[in-house]
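Take a look at the structure below.
When a ligand or atom number is given, it counts from 1 through the structure's own listing order.
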Amino acid sequence: MAEVARRDQWSGSLGFVLAAAGSAIGLGNVWKFPYITGLNGGGAFVLIYLGCILVVGIPVMMCEFTLGRRTGQSPVGAFRALSSRSARNTATGRWLGWLILFTAAALACFGSYGAAVLTLIAGICALYYKWVSVGIVSVFSAATILGYYSVVGGWTIDYTVLAVTQQMEAQTAEQISALFQTIASSPAWSVAGMFCFVLFSAAVVFFGVRNGIERTSKVLMPLLLIMLFLLILRGLTLPGSEKGVQFLLAPDFSKITKEGILIALGHAFFTLSLGMGISITYGSYLDKKRNIFGATLAVVCLDTLIALMAGLAIFPALFALEMDPSSGPGLVFQVMPVAFNAMPDNLGWLWCTIFFALLAIAAVTSGISLLEVVVACCCEELKISRRKATVLCVILVGLIGMLCAFSSVSWDALPWLQSWLEMVFHTSQASFFDLLDVFNTYYLLPISGCGICIFVGWIWGSRHAVQELRHGGRSFTDVGIWQLLSGIKNNQPGQITMAMIWGALIRFVTPVAIFFLFLNGIGWF
Ligand code: PHE
């Protein structure tokens with residue numbers, strides 16, 4: 001066997017939790033969660049969301065950490081290591097491969113030749129690589145997501161510069177809307193921002209896990225918390241801010257709908273950065289002394305806390321200044337700068353700078369984790385050094401990012417790509433950026449999320465996976481649920497333990513829930 005360099009490791013639980021939380025806390029927490037909460041019943045929606053986190057978020061995240069720590073490898077290597085000698089892997093993999101090939105044939109019969117070719121490739125991949133294909137899919141989505149995530153990350157950097165140089169002060173709402181259009185559709189701004197974002201992430205990843213990712217997270221995450229506190233204080237001290245708090249938190253059970261539940265489920269999956277191998281890769285740098293269950297809980301709590309805090313930083317101020325809440329890029333890039341300009345204390349530029357710097361931090365810690373997945377995989381599969389792998393990945397991601405940046409608003413800059421994609425895939429997305437987003441969110445992520453659960457629950461086997469969870473976490477895994485909740489020791493045999501609940505969830509409940517999400521995404525409901 002080739003000599004493998006000793007792997008870098010986290011220095012302790014804190015570094016690991018902060019890095020994983022940095023990955024989970026991203027633009028979704030700031031521009032999506034508060035808004036969907038406000039629209040779907042406030043506090044009532046938060047309860048549903050917490051339910052989704054329990055049923056989908058925590059179990060899948062634990063699967064990923066366990067896979068990573070057990071094998072000490074990136075997603076592709078992790079699946080390979082655990083499936084190489086299993087007869088179940090071969091049989092189910094082959095079965096899956098034929099099923100996908102059959103789908104490809106059906107697609108070709110219906111005239112969707114482009115989709116048929118893609119599915120054919122996926123089928124051959126499944127026949128040849130079996131369950132390792134799930135690892136390949138997750139690394140592929142990490143690389144493509146990073147492409148468009150870094151464009152948005154780049155905008156946050158552009159806006160931080162604009163805010164700090166006070167270029168948005170005294171502008172009207174129309175001027176600020178026009179500014180966003182200019183930046184989003186100008187290749188120069190988008191590409192410059194995107195490269196700053198990618199190069200910063202690359203510089204961190206270049207220095208490795210402990211010296212790069214962990215150190216950066218330990219500085220940036222506390223900074224993010226402090227900035228959020230400042231913004232919340234400012235928002236809540238404006239007269240009339242209670243209406244915003246009400247919008248965000250007042251429970252209204254009549255607003256809970258089927259769509260709301262699916263939105264909560266989808267967001268739980270997205271916000272924890274599941275299905276793209278990040279937690280597998282981060283888990284692979286974890287030593288056996290750490291408690292995976294405890295770390296997962298800490299990451300999930302931090303992520304939810306920050307999402308709620310972001311809501312408290314945004315909505316009270318918006319309502320106090322009588323502005324309409326919205327979500328997505330429109331909220332942060334078009335509405336918020338106007339709100340800051342209307343601040344009564346004339347310090348709008350300062351609040352604006354804090355807000356965009358906070359967004360940039362949230363985005364960059366997520367970008368780092370995405371890049372780490374691709375870099376770690378390149379190092380292992382191509383047997384090259386981390387430094388070489390980083391350079392290679394920056395070139396790759398930079399290319400995807402440029403395509404996204406050139407077409408973030410419309411296809412105008414890349415008409416040839418649009419007509420080609422339309423001819424082959426019959427796509428009707430508004431831009432290349434949207435296309436990658438839809439493809440990842442609706443297809444790749446649910447597929448790999450489901451694959452990870454089924455693999456851990458059925459192929460590797462929950463019995464073996466639990467043995468890994470026990471390292472450093474015996475007090476959680478084999479403890480009865482009532483014992484844990486009550487804090488009273490009572491080692492009776494036959495009681496339901498946390499490990500049993502986890503095993504049952506990942507074998508039955510979680511894959512079904514993710515499958516529903518997939519069906520909903522492709523428009524079946
Ligand atoms: N979890 C991030 C968020 O909440 C989104 C993200 C997805 C980040 C995928 C990285 C990778 O915004």
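- No donor-acceptor pair closer than 3.5 Å links the side chain of Asn40 to the backbone N or O of Phe45.
- Which parts of ligand 1 touch Gly28 is read off a 4.0 Å heavy-atom cut-off, strictly below it: atoms 3 (C), 4 (O), 12 (O).
- Salt-bridge annotation for Arg386 and Glu372: present, with a side-chain N of the basic residue lying under 4.0 Å from a carboxylate O of the acidic one.
- Closest approach of Trp502 and Pro59 over heavy atoms only: NE1-O, 3.3 Å.
- Minimum heavy-atom separation, Leu230 to Trp351: O-CZ3, 3.9 Å.
- Counting the atoms of ligand 1 from 1 in the order shown, those under 4.0 Å from a heavy atom of Thr271 are 1 (N), 4 (O).
- Between the side chain of Ser366 and the backbone N or O of Ser23 there is at least one donor-acceptor pair closer than 3.5 Å.
- Those atoms of ligand 1 that come under 4.0 Å of a heavy atom in Tyr149, given as number and element, are 5 (C), 8 (C), 12 (O).
- Polar contact check, Ser366 against ligand 1: no nitrogen or oxygen pair lies under 3.5 Å apart.
- Smallest separation of non-hydrogen atoms from Tyr285 and Ala376: OH-CB, 3.6 Å.
- The proximity of Ala362 to ligand 1, defined as any non-hydrogen pair under 4.0 Å, does not occur for either the backbone or the side chain.
- Between Phe270 and ligand 1, at least one pair of N/O atoms sits closer than 3.5 Å.
- Considering backbone and side-chain atoms alike, Ala24 places an N or O below 3.5 Å from some N or O of ligand 1.
- The heavy atom nearest to atom 6 (C) of ligand 1, considering only Gly26, Ser141, Ala142, Ser273, is found in Ser273.
- Residue contacts with ligand 1: Phe33 is excluded, as none of its non-hydrogen atoms falls under 4.0 Å.
- Every atom of ligand 1 with a heavy atom of Leu370 under 4.0 Å away is listed here by number and element: 10 (C), 11 (C).
- Ligand 1 has an N or O atom lying under 3.5 Å from an N or O atom of Asn29, backbone or side chain.
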Ring pair (Phe, Tyr, Trp, His ring centres under 6.0 Å) between Phe33 and Tyr49, intermediate numbers included
CA-CA 10 Å; Phe33 180 81; Tyr49 168 78; 4.9 Å; yes
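- Residue contacts with ligand 1: Met276 is placed with no nitrogen or oxygen under 3.5 Å of a nitrogen or oxygen of the ligand (distance criterion only).
- The two residues Ala465 and Val456 have their closest heavy-atom pair at CB-CG1, 3.7 Å.
- Neither the backbone nor the side chain of Asp303 has a heavy atom within less than 4.0 Å of ligand 1.
- Proximity of a side-chain donor or acceptor of Asn440 to a complementary backbone N or O of Leu436 within less than 3.5 Å is detected.
- At a heavy-atom cutoff of 4.0 Å, ligand 1 is contacted by no atom of Lys32, backbone or side chain.
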